[in-house]
Structures are given as C-alpha cells and as structure tokens.
Amino acid sequence: MSSSDKPTTPVKSTGLHVGEIKPGVAKKDPILIADGVRRQFGGLTAVDVAHVEIPRNAITALIGPNGAGKTTFFNLLTGFDIPNEGTWSFNGKSLAGVPAFKVARMGLIRTFQLTKALGLLTVMDNMKLGSTQQTGEKLWASVFHFLWKKKDVEIETQALDLLTRFKLDAKKDDYAASLSGGQRKLLEMARALMTKPELVMLDEPMAGVNPALTQSLLDHILNLKKEGMTVLFVEHDMHMVRHIADWVIVMAEGKVVAEGDPYEVMKNPAVIDAYLGSHQDVDLGTVTGRITLPKQGKEK
Amino acid sequence: MDVLGILSSTASFILDPTTMAYALAGLGLAVHFGFAGLLNMGMAGFMALGAYGYAIGILTFGLPWYLAAFVGIGASIVFALILGIPTLRLRGDYLAIVTIAAAEIIRLFLLTSAFVDVTGSADGLSGFNGPGGTVTNPIAGAGGFNDSNPIPDGEYGFPPFLDDERTWYLRIVGGIILAVGVYFVWRLVNSPWGRVIKGIREDEEAVRSLGKNVFAYKMQALIIGGVFGALGGLMLAFSTNVNSGVYVTSLTFFLWTALLLGGAATVFGPLVGSAIFWVLQAFLGLLFPALAKAGLLPFDSIQAAQIRFILIGVALVLLVVFRPQGIFGNKKELTFVK
Amino acid sequence: MELVATTRRTMGRLFAAVGAVVLAFGVLGLATPAHADIVNPEMPFKVSGNVQNNGEPVAGVTITVTGGGGFTATVPSGEDGKFVVGVPEKNADYTVTLDETTLPDGIAVVDNPNTPDFVEGNVQTASVGPGGRVAMNFFIGQGERHTVAWIDQVVQRLISGVNFGLMLALASVGLSLIYGTTGISNFAHAEMVTFGAVATFGLVHVFGDAALPLAIGLAIALSAGLGWALDAGLWRPLRKRNTGLVQLMIVSIGLSLAIRYLYQFFIGGGTEQLPGADSEKIQLFGEVSLSIVDMVSMGLSILLIVAFAWWLTYTKVGKATRAISDNPSLASASGIDVDGVIRIVWIVGSLLAGFSGILWAYFRPGIRWDMGGQILLLIFAATTLGGLGTAYGALIGSLVVGILVEGSSLFIPSDLKYVGALVVLIGILLFRPQGILGRKERVG
Ligand SMILES: Nc1ncnc2c1ncn2[C@@H]1O[C@H](COP(=O)(O)OP(=O)(O)OP(=O)(O)O)[C@@H](O)[C@H]1O
Ligand SMILES: [Mg+2]
C-alpha cells in the first residue's frame with residue numbers, strides 16, 4: 001500500500017447470482033453460459049460441466065487442482081478444441097461450431113497457460129498484432145502504405161501505453177524470443193488486451209510474475225473491470241483469488257464442484273476435499289498461496 | 001586450362017534466364033517458408049504448371065502468348081487452392097510430404113503418354129515461342145513471345161554479356177518481372193499483412209486467438225508464393241522448351257538450397273541465393289572437368305562435372321545446421337521455429 | 001556389361017516388358033531436346049522419339065530410320081532415352097526400327113514371329129506430316145497383354161503387387177522405426193535403399209558373378225554399417241545439438257542429394273544389371289509365371305520380415321524401441337538407453353533398406369543411381385498409411401501400396417500407376433493426419 005504504485009483496494013461486485021448458491025447457479029447478467037459441455041480424451045473425461053454461468057462485468061476466478069480440466073474448458077469455450085457434446089453461448093449467441101478466430105472477433109479473448117509469444121517478432125509487433133482495426137492486414141490494402149500507416153501509428157501509441165503499464169516498454173524493439181518466461185506471460189496478456197475484448201480469459205496470468213509487478217497488474221485488471229470488461233481467470237494462488245475475485249468457480253475432475261463468493265467457497269467441504277484430500281485441517285491459502293498480499297482484503 | 005573462358009561463362013550466369021527463374025521461384029518459397037512458415041516441398045509442381053500452362057495455352061488453345069502466360073499463372077492459383085483447402089490445416093512436416101506428392105502427381109500426368117497430344121509426354125513441348133526462335137508454329141502463328149521483342153537483331157553488350165537480341169530480351173523481361181516481384185514482396189512482408197503471416201509462422205494458435213483468420217492468410221501466402229513459382233516456370237518456358245524431366249523433386253530441393261543460401265526470411269535472399277547457386281554451379285561445372293582434363297583430378301570429365309551436384313547436397317546440410325539464417329540473413333531472424 | 005542379342009518372349013512379360021515408347025513426330029526445325037543424340041542435324045525435318053523401359057529411359061539403343069529414296073540413318077538413344085534424326089522430306093513415311101540386340105540384357109521388345117497377332121513391336125512407321133504435331137505411340141508391352149486372360153492378368157498383378165509390397169515393406173518398416181524414435185522424415189532413406197543395390201553391384205564386380213550370394217551378404221552387412229555411420233557421424237551429433245525437426249528433415253534432403261549424386265559419380269547415369277536378373281520363368285498356371293528370382297526374393301522378404309517382427313516383439317531392444325516410439329521422454333525416464341536404441345534402430349533400418357534395394361534392383365530390373373528416389377514417395381505412402389511410427393502398420397501399408405500400384409495398371413496407363421499410391425498418401429494425411437496410433441497435440 002505504501003509502495004509507489006498505490007494499489008487500489010478492490011471494489012467487490014456483489015449480488016451476482018440469483019437464488020441459492022450451488023454449482024451452476026444462475027447469474028443476474030451472465031455473459032457466458034455453458035450447458036452440458038463434455039470433452040473426453042480416450043477413456044478420460046477431462047471436462048464434464050453440467051451448467052455454468054459467468055457474470056458480466058465481474059472478475060471470476062476458475063480454480064481447481066492440477067488436471068481438473070480448467071485449461072481444457074478454456075479451449076472448448078474459445079473454439080480451440082471441440083467438445084464431444086454441449087452448447088455454450090456468449091452474449092446470447094451460440095458459440096458451438098464457431099471457429100476460434102471468430103470467437104475472438106466477437107470479443108472473447110483468451111491467453112494460454114503455456115505462453116505463445118511470437119518469438120521472432122519484436123515485442124512491439126507482437127502488440128500490434130493484437131489490434132483488430134488495422135485494415136492493412138487485408139492483402140489488397142497491405143501494399144498501399146498510405147492506407148494503413150496512420151492507423152499503425154495510432155496502434156503503436158496504444159501499445160506503448162499498455163507496455164509501459166506491463167513494464168515492457170524498454171523491451172519494445174527486442175525480439176520476443178529474448179524475453180524471460182515471466183515477461184512473455186506479461187506480453188501475452190498485454191497483447192490480448194490490445195484487442196479490447198469484452199471478456200478476457202486468462203490462463204494462470206500471474207504464474208512466474210514477480211510479486212511487485214503482480215500487484216500492479218492486479219490493479220490493472222481492476223481498472224479493466226471499472227471500464228466494463230469481464231475477466232475470467234485461472235489461478236492457483238488463493239490469496240490472489242481472495243483479493244481480487246468477485247466470484248469463484250471450482251472445478252475438480254472435469255466438473256464444477258462449487259461456486260460462490262471467494263471467502264465462502266474456500267470453506268466449502270467439497271473444495272477442501274478436492275484440493276487437500278486428507279490434509280483437511282490446513283488453510284487453503286497457505287497450501288496454494290505463493291505470495292503474501294496485503295491483508296486489507298480479509299479485513300474488509 | 002582456359003581460366004578466362006571459365007570465368008566469363010560463369011559470370012554470364014548472373015544474368016541467365018535460369019538464374020532469374022530460380023530467383024522468382026525462390027521468392028515464392030521465401031513467401032511460403034521464410035515468411036509464412038509453410039513447408040512447401042512441391043515448388044517444382046507450381047513451376048511446371050506455369051510453364052506447361054503457358055505452352056499448352058499457345059499450342060492447344062491457340063492463345064496469344066501474353067494470355068497464355070495467364071493460363072500458367074491461373075493454373076498455379078487453382079493448384080494452390082486445391083492443395084491448400086485440405087492441407088493447410090496439417091502439421092508442417094505432413095504438409096511437406098503432401099506437397100511433394102502433389103507435385104509428383106502433376107509431373108506424372110505431364111509425363112504419361114495418355115495425354116501426349118496435349119503435353120507431348122516425355123518429349124515435352126516446343127515451338128510455342130514463335131518465329132523469333134527456331135520454329136513456326138501453325139497454331140500460334142506469328143506473334144509469339146519472340147515476336148514481341150522490340151530489340152533489333154544483332155549482338156549487344158560486352159563480354160561476358162555479349163549476346164543476341166533474344167537473350168537480351170529475355171534478360172530484360174526477366175529483370176522487370178523480378179524487380180516488380182521483389183518490390184511487391186518487400187511491400188507485403190513489411191506491412192501489417194506481413195506481420196500477421198510472420199506471426200503465423202511463429203505460432204498460428206496465438207495468432208488465431210487474436211481473431212485473425214489464419215487459414216485465409218495461409219491460403220493467400222500459398223497462392224502468392226505459388227504464383228511466383230509459376231512465374232519462374234514461365235521464365236524457363238520463355239527461354240527454352242518445356243519438359244517434365246525438368247520439374248522433378250530435385251528442382252524443388254535445388255530451390256531450397258538457393259533459398260537457404262541467401263536467407264529464407266529475406267526479400268533479397270532468393271535473388272542473391274540463386275545467383276550464388278548458379279554461378280557456383282556453372283563455375284564448378286567447368287572447373288572440375290577442366291582440372292580433370294589437365295590431369296589434376298583423378299577422374300574423367302563426366303564424373304568431374306557431377307561433383308558439383310554432390311556439393312549441392314553437402315552445402316544444404318551445412319547451411320541448415322550451421323547457418324540456417326543464410327549467408328546474409330539476420331542471425332536473429334532464424335527461420336526454423338523449434 | 002554384356003549385351004546379349006536375345007529376344008525372350010517370356011522375359012518381356014512381367015518385369016521386363018519394354019515400354020519402348022517410340023514417339024515419332026515431325027516438327028519443323030525442332031530444337032534438340034537436351035542430351036538426345038542427333039544425326040543429320042542439318043536436315044530440315046525431324047523424327048524423334050524415346051526409348052523407355054517402364055518409364056525409365058534406356059540409353060545406347062540403336063535406332064534406324066529408313067525412308068523413301070534410300071534414306072537411312074542410325075542413331076543411338078541418348079542418356080535420357082531420346083533420339084532425334086533429321087530427315088529430308090515432310091509428308092512422307094519413315095520406318096523406325098529399334099535394334100533389339102542393343103537393348104540391355106534381360107529386357108526385350110516382344111515381337112515373337114510365332115504369334116502373328118502381334119505387330120512387330122520394334123518396327124514402327126512414323127509419318128512426318130505437313131507440320132503441327134503428329135505423335136504416335138506404341139506400347140509394346142500393353143499390346144501383348146490383350147491376349148492374356150483377364151483372371152490371369154489379375155493374378156499376375158496380385159502376385160507382382162505382393163512381391164513389390166514385401167520389398168517396400170522392408171524399406172518402410174525401417175523408415176517408420178526411425179520416424180517413431182527420432183521424429184525425422186528421412187528423405188535419405190531412398191539412398192539407403194539404393195546403397196544395398198550399388199554395394200552388391202560393386203562387390204559382384206570385384207568377386208565375379210559366381211560370388212553373388214557372398215556379395216549380397218556383404219552388401220547387407222555394409223548397409224548396416226552405413227546406418228551406424230550415418231547415426232554416429234551425423235544424426236547423433238545433431239540430436240546433441242537439439243536440432244529442430246524441420247531442420248532435420250532438410251538435412252536429410254541434403255544428405256539424400258549428396259549421396260545420390262555420389263552414386264551417379266561412381267556408377268554413371270545408366271542402368272546396370274545384377275547377375276541373374278534374366279533368370280528362367282516358371283509357368284504356374286494359365287499365363288501366370290514367376291521367375292526364380294521372384295520366388296527367392298519373396299521368400300527372403302517374408303523370412304526377414306518375420307525375423308524383424310520377432311525382434312521387435314520379443315527382444316529387449318525391440319521392446320525398448322517400441323517404448324521410445326510411444327513416448328520418448330517416459331522411456332528415457334524409465335532408464336532406457338534412448339541413444340543406444342536409436343543407434344540400433346538406424347542400423348536395423350538401414351540393413352532392411354539395403355536388402356530391399358537389392359530386391360528392387362531385380363524387380364525394376366536394373367541398378368540406377370536414383371532408383372531409391374523412384375520409390376521414396378511410395379515408401380512414405382506405405383509408412384503413412386499404416387500410421388507413422390508404427391512398424392507393423394508400415395508392413396500392412398506396404399502390401400496395400402504394392403498391390404495398389406501393380407493392380408492399378410490393369411485399369412490405368414502403366415506410366416500413371418504410382419499416382420494412385422500418391423493420392424492415397426495425400427488422402428491419409430488429410431483424414432488421419434495424426435496417423436492411426438498418433439495423438440493430437442494439445443493447445444494451450
Ligand atoms: N490433448 C489431450 N490429450 C489427452 N489428454 C489431455 C489432453 N489435454 C488435456 N488432457 C488431460 O485432461 C485433463 C485436464 O487437463 P487440463 O490441462 O485442462 O488441466 P488444468 O485444470 O488446466 O490443470 P493445471 O492446473 O495443471 O493447468 C488432464 O488429465 C490432462 O492430462
Ligand atoms: Mg491448465
């Protein structure tokens with residue numbers, strides 16, 4: 001709190017759900033709804049979600065032990081993988097059978113757990129790729145410099161702004177291949193934000209990012225929410241989840257086993273069971289937590 | 001040993017139509033592989049379509065040569081579409097095998113005696129460039145490529161580039177196509193479009209996640225590169241007969257060698273690479289037999305002339321292992337994504 | 001190599017049917033095709049053509065062109081099987097005669113005078129028209145087939161296909177193992193195939209025809225040695241450098257070119273024969289006949305494949321090989337010496353490829369510097385068909401490809417018979433790109 005980047009105290013959104021809290025509970029204003037989505041790899045059912053809704057303009061955390069099916073669920077929702085069955089919709093439009101790039105154009109952007117920085121492009125080019133408004137990306141327009149030059153400058157300013165926030169501005173002319181693991185994560189997240197998504201799905205965005213930067217990125221995410229964006233993220237760090245998430249969805253063995261407010265959900269026996277098995281007397285935060293965040297979340 | 005003679009014939013290869021054909025096709029490969037990451041091992045097929053499309057357009061359909069040239073280009077576009085629609089979803093090395101097989105299918109169809117009336121089978125086709133050459137073709141009549149030559153008859157230039165009007169015309173036409181082509185590709189790869197295809201080369205999933213239609217971009221790159229392949233074939237057809245024996249897989253491999261020599265992810269790489277490739281080929285093809293004749297090498301001159309082909313293979317191996325970015329490529333722009 | 005003046009009708013049947021394509025057409029002042037030998041270049045009109053055996057150019061065959069006014073000219077076919085003869089008149093007929101005594105031993109044009117329903121295959125009439133393209137095509141091998149009963153043809157093709165398939169199998173199981181354990185799409189496998197044939201040829205040259213079995217045995221041993229040398233000298237160092245798969249593939253292409261032209265350097269661009277290539281044919285039933293070489297080669301293939309399957313299934317190294325193909329990192333984590341096994345895979349793969357090269361030399365028949373390259377894509381097709389990286393699959397795939405290739409020439413021109421297999425190759429990669437046992441890679 002006393003650091004130079006003054007952390008914003010999260011303003012939690014409340015009253016997101018309708019009726020009794022249980023897995024698959026309806027939301028007041030869902031942006032994404034999945035129904036009966038199931039994906040099998042041979043004999044293994046990686047995802048089997050009966051019903052889940054993601055609340056609009058809120059930060060939702062998707063948690064669960066390793067191999068719970070979180071990444072696979074992300075892949076299914078964004079068109080990178082095809083489920084064996086199920087329907088899901090974004091803003092009321094069905095996404096079943098919609099190719100990944102169209103999903104992205106509709107405003108649903110995801111990042112990858114295993115980073116996909118475009119190594120032999122500069123950091124700036126990586127960022128510029130995120131923009132959706134460059135007509136110069138069309139083949140016919142690309143050969144006419146004057147058609148896209150102005151827009152490119154605009155995009156560059158925008159990108160620089162984001163890079164500064166992500167502490168990557170000094171690296172803008174370096175090849176992305178020369179970035180460290182954590183920096184690649186940051187770049188990928190920044191690149192995703194360049195598309196100005198409505199719903200951004202981050203797969204472990206903070207894994208490998210140092211605590212001080214994490215804090216400032218969390219602030220950034222909170223700002224995004226203020227601007228009306230919806231965030232769904234996967235995270236193993238329970239402190240962070242508690243600190244920032246408005247809603248938590250817990251997956252285990254492919255199913256949604258619990259949902260709810262971050263504080264309540266971690267007391268849920270099903271969650272403790274999924275994470276801890278027999279070590280049920282340990283606090284979830286100390287088991288999965290990586291960093292110690294300011295206490296203000298808990299005291300609120 | 002005629003050192004001067006060897007050097008002068010070698011130097012003439014810098015401006016040889018074959019060198020230009022390689023440069024054009026190499027430019028296409030650079031778009032495919034260097035910029036879009038498509039492992040096209042069937043460039044010979046694109047070239048064959050360019051050359052045969054042109055020749056068949058004239059001989060069978062009786063088109064004027066400039067329209068027939070578009071038959072060749074059109075054929076390569078159709079081939080790219082047919083090849084690309086199903087295969088662009090494939091993993092890199094599978095794409096390589098599919099393209100090489102597709103190019104072989106084309107060659108076998110051009111070679112088979114089933115269509116001898118159109119393709120000339122093993123003899124290939126000739127006489128389509130019109131009277132300026134050696135042949136009056138009754139179908140093409142007057143007005144072949146050779147006839148469009150505005151240069152008055154005679155010898156021009158200075159040694160080693162002292163040649164007749166037809167050779168100069170070929171050089172000029174080739175030079176113009178190359179210059180326009182290089183400028184076009186340079187513009188393309190330095191545009192936002194180029195940014196997207198380079199992104200696809202690095203990781204297509206990532207680019208897809210940003211809302212780009214990866215398939216459409218790959219298809220565009222495949223077609224553009226394929227058209228350059230066809231232009232290469234066309235250039236060969238302008239200068240000589242067409243024969244399916246030329247468009248074999250080794251041609252594709254030689255093109256790869258030339259491309260990797262110059263640097264795959266550069267616009268001038270294919271140009272420089274083709275020039276080096278052919279100059280070295282010509283030089284060694286003359287040098288070794290001359291050395292053999294002079295008794296300095298212990299084999300006959302036919303064998304001596306073949307050493308250079310062995311060296312192409314060795315050069316390809318060494319390049320890929322030790323200088324994958326090519327002789328002039330930027331070290332950071334290594335084109336092999338692991 | 002001796003060129004015996006023999007015409008054996010039976011020999012022309014299966015392997016050695018000469019597709020002597022004599023394409024004769026007159027084109028005014030036609031520019032000379034590359035390499036072709038030409039006589040009378042000063043004359044205004046041309047008769048040109050092509051001598052081919054199964055799509056392979058045959059060099060050094062004497063062609064005589066005779067015409068009205070006592071015109072006669074003789075020309076040998078060039079390195080590329082082509083010949084060009086300048087003739088004095090257009091709107092005239094010329095007789096083109098292929099001198100069969102100059103054909104390589106073991107192949108012949110079928111023109112047995114005892115069967116009057118055959119045209120004399122080696123004598124053709126070429127009409128040089130008023131201009132344009134007059135092309136005449138004589139498939140001597142095909143003309144002969146019309147008299148063979150359909151069922152006999154089918155059986156003959158089937159046997160031939162199995163023979164070819166078994167030969168392909170020897171090459172493709174090796175390719176498949178190498179792909180499975182190292183991930184390399186090894187284009188130089190073609191040259192490993194050629195090596196067996198070239199080595200046998202060289203050894204026969206040294207020890208004499210009588211020592212053929214010894215030469216074959218030694219050639220196989222040398223093939224194994226080649227596999228060892230390639231791994232020790234090239235592939236292992238590249239593995240240590242962590243070279244990417246695409247790079248490795250292009251390295252294999254470069255290697256393939258280098259070795260291929262090295263062969264050409266030593267044995268030249270022509271076709272050479274191994275002793276016994278013209279062995280007696282034995283009539284089985286109807287018109288179906290098999291030469292002794294065919295039978296021996298099928299027997300040996302089966303023997304070797306069974307031995308190989310036993311090795312792969314029951315020996316420790318064989319099991320380790322399959323484990324590595326399945327999951328390299330798991331295999332190395334569970335204490336398998338991955339490098340050692342890969343070395344053995346290269347040796348075994350090269351040995352099998354070399355042996356298949358010897359069989360290919362008899363099947364074609366003939367040894368050429370690029371003979372392996374001619375079937376490389378078929379080997380790829382067989383390997384892919386069975387599922388990349390699975391040795392047993394490659395075996396089945398090879399038989400399918402072999403029968404497909406040989407069988408398809410019942411329906412389509414024989415110079416298009418490889419197309420079917422290539423289409424299958426493309427189809428398989430399209431519809432089961434991950435191979436039969438492969439898994440799709442995960443994203444994200
Ligand atoms: N392509 C695939 N093929 C086979 N199994 C897969 C594939 N992708 C995922 N799985 C399996 O599905 C299960 C769920 O994987 P997933 O990556 O979704 O887990 P996760 O919840 O993201 O785990 P983590 O927290 O470790 O990232 C795992 O058991 C995994 O092995
Ligand atoms: Mg995950």
Side-chain angles (χ1 to χ4, degrees), chain B residues 39 59 86-87 89-94 96-98 100-102 104-105 108-109 111-114 116-117 120-124 126-127 133-136 138-139 205 240-241 243 245 249-250 253 256-257 260 302-303 306-307 309-317 319-321 324 336-338, chain C residues 21 23 25 27-31 33-34 48-50 52 55 80-82 131-133 135 137 139 185 234 238 241-247 249-251 253-262 264-265 268 373 377 380-381 384 412-413 415-416 418-419 422-423 425-426 429-430 433 443-444:
Chain B
L39 265 180
L59 295 175
T87 57
R89 294 165 221 274
L90 293 182
R91 232 175 62 182
D93 49 348
Y94 292 172
I97 294 176
V98 168
I100 204 172
E104 273 297 281
I105 290 176
L108 289 172
F109 270 108
L111 180 64
T112 177
S113 45
V116 64
D117 296 343
S121 186
D123 278 337
S126 55
T134 43
V135 168
T136 312
I139 308 168
E205 303 288 359
T240 178
N241 303 340
N243 191 301
T249 40
S250 321
F253 298 158
W256 272 84
T257 312
L260 291 172
I302 297 178
Q303 282 183 317
Q306 282 161 352
I307 300 177
F309 293 115
I310 302 172
L311 293 181
I312 295 177
V314 175
L316 188 54
V317 172
L319 268 174
V320 173
V321 175
F336 295 97
V337 185
K338 276 190 190 152
Chain C
V21 185
L23 280 172
F25 62 90
V27 178
L28 302 166
L30 168 70
S48 64
N50 228 319
Q52 287 191 337
D80 51 1
K82 293 196 165 100
R133 307 182 49 81
N137 228 343
F139 265 101
S185 310
L234 182 69
L238 290 181
R241 285 173 67 110
N242 255 329
T243 315
L245 285 184
V246 170
Q247 267 162 296
M249 184 176 102
I250 300 178
V251 165
I253 289 175
L255 183 67
S256 158
L257 286 178
I259 302 182
R260 187 186 301 184
Y261 287 108
L262 200 65
Q264 193 191 28
F265 180 81
L377 284 178
F380 270 122
T384 324
I412 57 175
D415 51 4
L416 283 180
Y418 287 179
V419 169
L422 296 182
V423 170
L425 166 65
I426 295 178
L429 284 175
L430 294 184
V443 248

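Below, chains carry the letters A, B, ... as their sequence lines are ordered, and counting in each starts from 1.
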message: Need one label for B/Ile100: side chain, backbone, both or neither, based on atoms under 4.5 Å from any heavy atom in chain C.
response: both
Residue part contacting chain B, namely of C/Leu377, when any heavy atom lies under 4.5 Å: side chain
message: For C/Leu238, give me all partners under side-chain contact (heavy atoms from CB on, under 4.5 Å), at least two apart in sequence or on another chain.
response: B/Val321, C/Leu234, C/Trp235, C/Arg241, C/Thr243, C/Leu248, C/Val251
query: Can you name the residues that form a side-chain contact (heavy atoms from CB on, under 4.5 Å) with C/Ala258, not counting sequence neighbours?
result: B/Ile310, B/Val314
query: Using non-hydrogen atoms only, which part of B/Ile105 is less than 4.5 Å away from chain C: side chain, backbone, both, or neither?
result: both
- line: Checking B/Thr249, B/Val317, B/Ile312 against C/Leu257 for side chain to side chain contact (heavy atoms under 4.5 Å, CB included), the one that qualifies is B/Ile312
field: Part of B/Ala315 lying under 4.5 Å from any heavy atom of chain C
entry: neither
field: Closest approach of B/Phe253 to B/Leu316 (non-hydrogen atoms, all atoms of both residues)
entry: O-CD2, 4.5 Å
